[in-house]
Protein chains: 2
Amino acid sequence: MKKSSLYKGCLEPILLRLLKDNGRMYGYQMTQMVKEITKGELTITEGALYPLLHKLEEQGIVETETEMNGSRMRKYYSLTKAGKKQTAVAMDEMKAFMQSLEFIVNPKPVIG
Amino acid sequence: MKKSSLYKGCLEPILLRLLKDNGRMYGYQMTQMVKEITKGELTITEGALYPLLHKLEEQGIVETETEMNGSRMRKYYSLTKAGKKQTAVAMDEMKAFMQSLEFIVNPKPVIG
DNA sequence: TCATTATACATAAGTAAATTATGCATAATT
DNA sequence: AATTATGCATAATTTACTTATGTATAATGA
């Protein structure tokens, strides 16, 4: 990922969110979509992406189907039932996290 | 810090923001303020806090004054001139980061 | 036509930023 | 009297990346 290490720890929930929204995606596609959505701000590196996807598969969060696109392989990932549950939890955590950042960056003045 | 590792990489900008807003703080005070602001969501651990503060001091981002409160020591930290510049940069990065997260968690549907 | 960029996967070594555990010391609370 | 709170600090470990490297095909451009 690009820049400042702020994104550290956010990759997993980001991938879960992508899969939740798009149903079925392959790795390279995820990197491109994130780059596009964030206007180039966030670039997922392959060294981070693939090992994480493998871990999620091991954990039964995602499942895969490999397909050929012409002569090129694509490995499609989608959320399992357990993965959907896990994603809901991760999204709640994300919300709380973003809310907390808001509080810190934009603190409400104490009245009184 | 507490929970889910989402906050990984955010501690430094959070501390810079606190110092920017409050002028002068000691370590323990920072942990308490963050806990309060985030309604208990974010708990800064001492093992993360103190080494980071020391690093920032080495880098000339913050400077310290040690004072006694009764018989207890407090080490006050404040931003140096260079630290204020650095904080402005960090805050811009924070904004971009939060914006990107928003885009991912709440993607805009493509019209057309 | 030959080199570069894009697509598409994968893994290994190294690093940064935490967590967890531990330590010291005083003050306040139960 | 024991526990919790205040206040600092450091060491060992773990996590989650980055950087580097590897393989292979397709498209683009000089």
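By convention in this document, chain letters (A, B, ...) are assigned in the order of the sequence lines, proteins followed by strands, and residues within each chain are numbered from 1. All values reported here derive from a predicted model rather than from experimental measurement.
- Taking atom CD1 of residue B:Ile14 and atom C1' of nucleotide C:dA17, one finds them 13 Å apart after rounding to whole Å.
- No donor-acceptor contact under 3.5 angstrom links the side chains of A:Glu46 and A:Thr31, judged on distance only.
- One can place CD of B:Glu46 at 16 Å from P of C:dA25, the figure rounded to the nearest angstrom.
- Across D:dT19, D:dG7, D:dT10, the shortest atom-to-atom separation from the side chain of B:Arg72 is found for D:dG7.
- B:Glu65 places its CD atom 14 Å from the P atom of D:dC8, with the value rounded to the nearest Å.
- By the 4.0 Å N-to-carboxylate-O rule, B:Lys55 lies close enough to B:Glu12 to be salt-bridged with it.
- Counting any heavy atom pair closer than 4.0 Å across all strands shown, B:Gly27 reaches sugar-phosphate atoms only and no base atom.
- No contact: A:Gln29 has no heavy atom under 4.0 Å from any strand.
- Across the interface with DNA chain C, nearest-nucleotide mapping of A:Pro51 and A:Asn69 shows A:Asn69 to be the residue nearer the 5′ end.
- In this structure, the NZ atom of B:Lys8 is 11 Å from the C1' atom of D:dT13, given to the nearest Å.
- When rounded to the nearest whole Å, the span between CD of A:Glu58 and P of C:dA10 equals 13 Å.
- A salt bridge does not link B:Lys75 to B:Glu67: none of the charged nitrogens lies less than 4.0 Å from a carboxylate oxygen.
- Of the listed nucleotides (D:dC8, C:dA17, D:dA9), C:dA17 has the atom at the smallest distance from the side chain of B:Lys55.
- Rounded to whole Å, the distance from CG on B:Leu53 to P on C:dA17 is 14 Å.
- No engagement by A:Glu12 is indicated, since no non-hydrogen atom pair under 4.0 Å with the nucleic acid exists.
- If you measure from atom OH of B:Tyr26 to atom C1' of C:dT26, you get 14 Å, rounded to the nearest angstrom.
- If you check D:dA9, C:dA18, D:dT18 against the side chain of B:Tyr50, the one that comes closest is D:dA9.
- OP1 or OP2 of D:dT25 has not a single side-chain nitrogen or oxygen of A:Ser71 nearer than 4.0 Å.
- The nucleotide whose nearest atom lies closest to any side-chain atom of A:Lys75 is, among C:dC9, D:dT25, C:dA17, C:dC9.
- Closest to the A:Ser5 side chain, of the nucleotides D:dT18, C:dA8, C:dA17, is C:dA17.
- Summarising the base pairing, D:dA2 is matched to C:dT29 through a Watson-Crick or G-U wobble pair whose two defining distances lie under 3.5 Å.
- For A:Tyr77 and A:Tyr26, the ring centers are positioned 6.0 Å apart or more.
- B:His54 has no side-chain polar atom (N or O) that falls below the 4.0 Å cut-off from OP1 or OP2 of D:dC8.
- The pair A:Glu65-A:Arg24 meets the salt-bridge criterion, with a side-chain N (NZ, NE, NH1 or NH2) lying under 4.0 Å from an Asp/Glu carboxylate O.
- Straight-line distance from the CD atom of B:Glu57 to the C1' atom of D:dA9: 13 Å, rounded to whole Å.
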